[in-house]
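Model, not experiment: these values are computed from the prediction.
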Amino acid sequence: MGIYLNPGNQAFQEAVNSEIYVDKSSLLSYTNKRIRTKQKYICISRPRRFGKSMTAAMLSAYYSAGCDSKNLFDGLHIAKDPSFDSYLNRYNVIFLNIQRFLSRAKKPENLVSYLEKAVLKELRQNYESCFDEGEEHLAAALEQIFNATEKGFLFIIDEWDCIFRERQQDTEVQTSYLDFLRDLLKDQVYVELAYMTGILPIKKYGTHSALNMFEECSMTDAGVLAEYVGFTEREVQELCGQYGVDFSEMQRWYDGYLFSGNIHIYNPKSVVDALLRKKFSNYWTGTETYEALKVYIDMDFDGLKNTIVMMLGGGRCRINSRTFQNDMTSFGSKDDVLTLLVHLGYLAYDGESGEVFIPNQEVVDEFANAVESGGWDELAKILKASEALLEATLNGDETEVGRRLDEVHMENTSVLTYNDENSLSCVIALAYFSARKNYTLIREMPLGKGFADVVFIPKRFSANPALLVELKWDKTAFGAIGQIKEKQYGDVLENYFGNILLVGINYDRKTKKHTCIIEKTVK
């Protein structure tokens with residue numbers, strides 16, 4: 001058993017021993033099929049604290065010939081797979097945590113040489129007679145070992161992209177590192193399988209990639225591996241049942257990452273902490289200061305700030321994710337910044353519509369923190385004034401509601417623009433931002449014979465009434481109320497019984513005034 005060559009299984013043992021462990025070992029049946037095939041290169045990118053290192057530890061424990069993991073995997077999903085015994089602890093594994101090498105190299109330009117020296121030292125202890133004593137290049141040594149033994153190596157590379165995140169401007173070091181990986185892995189017969197994890201997809205240079213042999217599974221296209229990005233909805237439902245935690249609140253706080261096939265993925269870090277602490281809070285976003293998010297918001301490409309405002313109001317933005325260069329500096333447009341935020345986990349991406357949106361309450365709070373502390377005085381005023389707007393609505397004060405909506409719009413035209421009814425809906429949702437504390441907000445909720453523009457469903461602990469908000473553009477607030485009644489919205493709020501406020505709002509483009517009608521009903 002070594003540090004880099006054929007490591008043990010202790011890291012994965014700790015994961016399995018934890019109070020909450022979600023079995024993702026079925027991934028191994030997928031990687032088993034890729035060994036010694038043209039599809040043996042796999043790169044998985046997902047946000048920090050989404051379980052990348054745990055998965056890397058699982059692969060190492062399963063494949064490494066430096067340990068016996070039979071008992072560790074017994075009872076897990078992979079143990080039922082026909083391929084289980086054929087691949088268990090049968091391979092020479094080289095495990096590289098690039099973050100650790102970068103920290104120990106002291107200088108980024110020393111990363112590759114430090115890594116090669118460390119791994120070559122272990123190889124000499126096991127294959128001293130198989131390669132030249134003075135060999136300084138890892139790839140060359142591995143070629144010689146394979147030529148002498150006809151046995152290959154299975155590579156697991158964790159945090160492969162840390163050099164691009166921590167040394168964002170150092171293109172010379174980045175290029176040297178990519179050249180090293182290409183020489184180490186591409187078209188090498190000694191590679192049994194190469195599995196890399198990181199936050200960013202593989203860096204592009206022009207139209208080509210130095211590592212274009214990899215199949216990439218990312219937050220914009222996870223493919224068949226989507227269920228391994230985080231916790232699935234079924235897994236979270238089962239955990240909520242075991243721990244007696246409200247699943248609907250878990251959804252609101254941590255759901256939202258959407259992949260093809262309607263697969264909903266939850267943030268593992270936050271779900272586990274919420275279950276263990278019996279409290280919903282900002283666990284994942286709390287591991288990093290919101291200043292990191294603010295840096296990207298302040299890059300106001302093509303009206304980026306207006307787009308953030310729209311998404312804070314529950315809206316979506318269509319993007320072209322293909323122009324993103326997979327780094328943290330080469331931004332040419334708003335789409336590039338938004339795509340980076342998808343890979344960092346701050347936005348979710350709907351591959352079918354090509355739209356991005358803020359996934360859940362935890363991330364909404366992070367955006368709000370970044371806005372309120374980042375010099376966005378106009379938007380900060382909206383968020384602070386939303387308490388008064390909600391109070392006026394609950395009191396049935398139609399004039400005050402209209403007046404406050406006028407103020408929101410007129411005083412903040414630099415960040416709020418009404419282009420159509422959809423943007424009006426986003427701004428109204430934003431104006432009622434504080435209602436999220438006591439309500440679950442749903443935009444364009446299908447109800448009865450049509451759609452309510454914005455629906456506020458009170459949480460279980462709240463005594464507030466439900467709010468059905470219908471929006472009109474250059475029509476009348478009375479017409480909005482009439483449409484609510486005509487579509488029988490109140491009759492089909494499934495699982496809700498109690499007081500309901502019907503709120504009709506109209507915006508007149510000529511007068512730039514909002515009018516409001518509020519009626520009470522009971523279901």
Problem - Counterpart residues, side chain to side chain donor-acceptor pair (under 3.5 Å), relative to Y243 (two or more places apart) - result: E19
Practice task
Would you check if T285 and N369 make a side-chain contact, meaning some heavy-atom pair closer than 4.5 Å?
Solution key: no
Exercise for the section: Start with the C-alpha gap between Y432 and T393, add the side-chain angles, then the distance that decides, and say whether side chain to side chain contact (heavy atoms under 4.5 Å, CB included) holds. Expected result: CA-CA 10 Å; Y432 280 99; T393 305; 2.7 Å; yes
Practice task
Would you check if W160 and I202 make a side-chain contact, meaning some heavy-atom pair closer than 4.5 Å?
Solution key: yes
Handout entry: Listed partners of S64 passing side chain to side chain donor-acceptor pair (under 3.5 Å), at least two apart
Key = none
Problem - With sequence neighbours excluded, residues passing side chain to side chain donor-acceptor pair (under 3.5 Å) with E166 - result: Q99
Completion exercise
CG of N326 to OG of S45, rounded to nearest 0.5 Å, is 8.0 Å
Completion exercise
Sequence neighbours excluded, the answer for side-chain contact (heavy atoms from CB on, under 4.5 Å) partners of T55 is L27, R46, M58, L59, Y195
Handout entry: A61 to C67 - nearest heavy-atom pair and separation
Key = O-SG, 3.8 Å
Handout entry: Set of residues satisfying salt bridge (charged side-chain N to carboxylate O under 4.0 Å, His left out) with respect to D221, sequence neighbours excluded
Key = none
Exercise for the section: Say whether, by atom type as modelled, one donor and one acceptor occur between the side chain of S434 and the main chain of S386 under 3.5 angstrom. Expected result: yes
Exercise for the section: First locate atom NZ of K279, then atom CG of L276, and finally report the distance between them rounded to the nearest 0.5 Å. Expected result: 14.0 Å
Exercise for the section: Run through Y346, Y254, Y257 and flag the one making a ring pair (Phe, Tyr, Trp, His ring centres under 6.0 Å) with W284. Expected result: Y346
Exercise for the section: Keeping the roles fixed (side chain from K52, backbone from P47), state whether a donor-acceptor pair exists under 3.5 Å. Expected result: yes
Practice task
Report yes if some heavy atom in the side chain of Y87 is under 4.5 Å from a heavy atom in the side chain of I35; otherwise report no.
Solution key: yes
Problem - Pair E391 + R404, salt bridge at N-O below 4.0 Å - result: no
Exercise for the section: State the OG-CG distance between S26 and D81, to the nearest 0.5 angstrom. Expected result: 8.0 Å
Problem - Any donor-acceptor N/O pair, Q237 side chain to F247 backbone, under 3.5 Å - result: no
Handout entry: L468 CG to I457 CD1 distance, which is reported to the nearest 0.5 Å
Key = 8.5 Å
Exercise for the section: Could you list the residues that satisfy side-chain contact (heavy atoms from CB on, under 4.5 Å) with N71, not counting sequence neighbours? Expected result: D74
Problem - Side chain proximity check, Q174 to F164, heavy atoms < 4.5 angstrom - result: yes
Fill in the blank from the handout: Nearest heavy-atom contact between V93 and S60 is CG1-OG, 4.3 Å
Problem - CD (E172) with more than 12 external heavy atoms under 6.0 Å - result: no
Problem - Passing option when F12 is tested against F73, Y62, F95 for ring pair (Phe, Tyr, Trp, His ring centres under 6.0 Å) - result: F73
Practice task
For the residue pair L115 and I98, establish whether any side-chain heavy-atom pair is separated by less than 4.5 Å.
Solution key: yes
Practice task
Go through the side-chain N and O atoms of N32 and Y63 and say whether any donor and acceptor fall under 3.5 Å apart.
Solution key: yes
Handout entry: Heavy-atom check, side chain of M250 versus side chain of V236, under 4.5 Å
Key = yes
Problem - Pairing residues for R234 by the salt bridge (charged side-chain N to carboxylate O under 4.0 Å, His left out) criterion, not counting sequence neighbours - result: E238
Fill in the blank from the handout: Smallest heavy-atom separation, C317 atom then K334 atom, equals SG-NZ, 4.2 Å
Practice task
May I ask you to check whether over 12 heavy atoms, not counting those of E14, lie within 6.0 Å of atom CD?
Solution key: no
Exercise for the section: Could you tell me which residues satisfy side chain to side chain donor-acceptor pair (under 3.5 Å) with N89, sequence neighbours excluded, listed by chain and number? Expected result: none
Practice task
Mind listing the closest non-hydrogen atom pair of S281 and E362 along with its distance?
Solution key: O-OE2, 4.0 Å
Exercise for the section: Working to the nearest 0.5 Å, report the span between CD1 of I199 and CD1 of I44. Expected result: 14.0 Å
Exercise for the section: Ignoring hydrogens and angles, state whether a donor on the side chain of Q361 or D365 is under 3.5 Å from an acceptor on the partner side chain. Expected result: yes
Practice task
Determine yes or no for a side-chain-to-main-chain donor-acceptor pair under 3.5 angstrom, with N267 supplying the side chain and S270 the backbone.
Solution key: yes
Practice task
Go through the structure and list residues passing side-chain contact (heavy atoms from CB on, under 4.5 Å) with D336, not counting sequence neighbours.
Solution key: T323, F324, F331, S333
Problem - Minimum side-chain heavy-atom gap L394-L467 below 4.5 Å - result: yes
Completion exercise
Taken to the nearest 0.5 Å, the spacing of M196 CE from L96 CG works out to 11.0 Å
Handout entry: Under 3.5 Å donor-acceptor, T339 side chain and D335 backbone
Key = yes
Practice task
Just jot down the salt bridge (charged side-chain N to carboxylate O under 4.0 Å, His left out) partners of D161, sequence neighbours excluded, or say none.
Solution key: R165
Practice task
Take R34 and Y41 through the side chain to side chain contact (heavy atoms under 4.5 Å, CB included) test and state the conclusion after the steps.
Solution key: CA-CA 8 Å; R34 298 305 181 96; Y41 300 99; over 6 Å; no
Practice task
Quick one: list whatever passes salt bridge (charged side-chain N to carboxylate O under 4.0 Å, His left out) with D327, sequence neighbours left out.
Solution key: K203
Exercise for the section: Look at atom NZ of K107 and say whether more than 12 heavy atoms of other residues, nucleotides or ligands are closer to it than 6.0 Å. Expected result: no
Exercise for the section: Kindly say whether L72 contributes a backbone atom to a donor-acceptor pair with the side chain of S69 at under 3.5 angstrom? Expected result: no
Exercise for the section: Could you tell me whether Y266 and W253 have their ring centroids closer than 6.0 angstrom? Expected result: no
Exercise for the section: Verify whether the ring centers belonging to F101 and Y177 lie closer than 6.0 Å. Expected result: no
Practice task
Measure across L185 and F214 and return the closest heavy-atom pair with its distance rounded to 0.1 Å.
Solution key: CD1-CZ, 3.9 Å
Handout entry: Crowding at CE, M311 (>12 non-hydrogen neighbours, <6.0 Å)
Key = yes
Problem - Polar side-chain atom of K269 near backbone of G51 as donor-acceptor pair, under 3.5 Å - result: no
Problem - D23 side chain vs H77 backbone, donor-acceptor pair below 3.5 Å - result: yes
Practice task
Let me see the working for I78 and S29 under side chain to side chain contact (heavy atoms under 4.5 Å, CB included), right down to the final yes or no.
Solution key: CA-CA 7 Å; I78 186 60; S29 64; 4.1 Å; yes
Exercise for the section: Could you walk me through whether L340 and L200 pass side chain to side chain contact (heavy atoms under 4.5 Å, CB included), step by step? Expected result: CA-CA 8 Å; L340 173 61; L200 298 173; 3.7 Å; yes
Handout entry: Partners meeting side-chain contact (heavy atoms from CB on, under 4.5 Å) with D350 (sequence neighbours left out)
Key = L258, R316, E352, S353, F357
Exercise for the section: Find out whether R182 and M213 are in side-chain contact, i.e. whether some heavy atom of one side chain is under 4.5 Å from a heavy atom of the other. Expected result: no
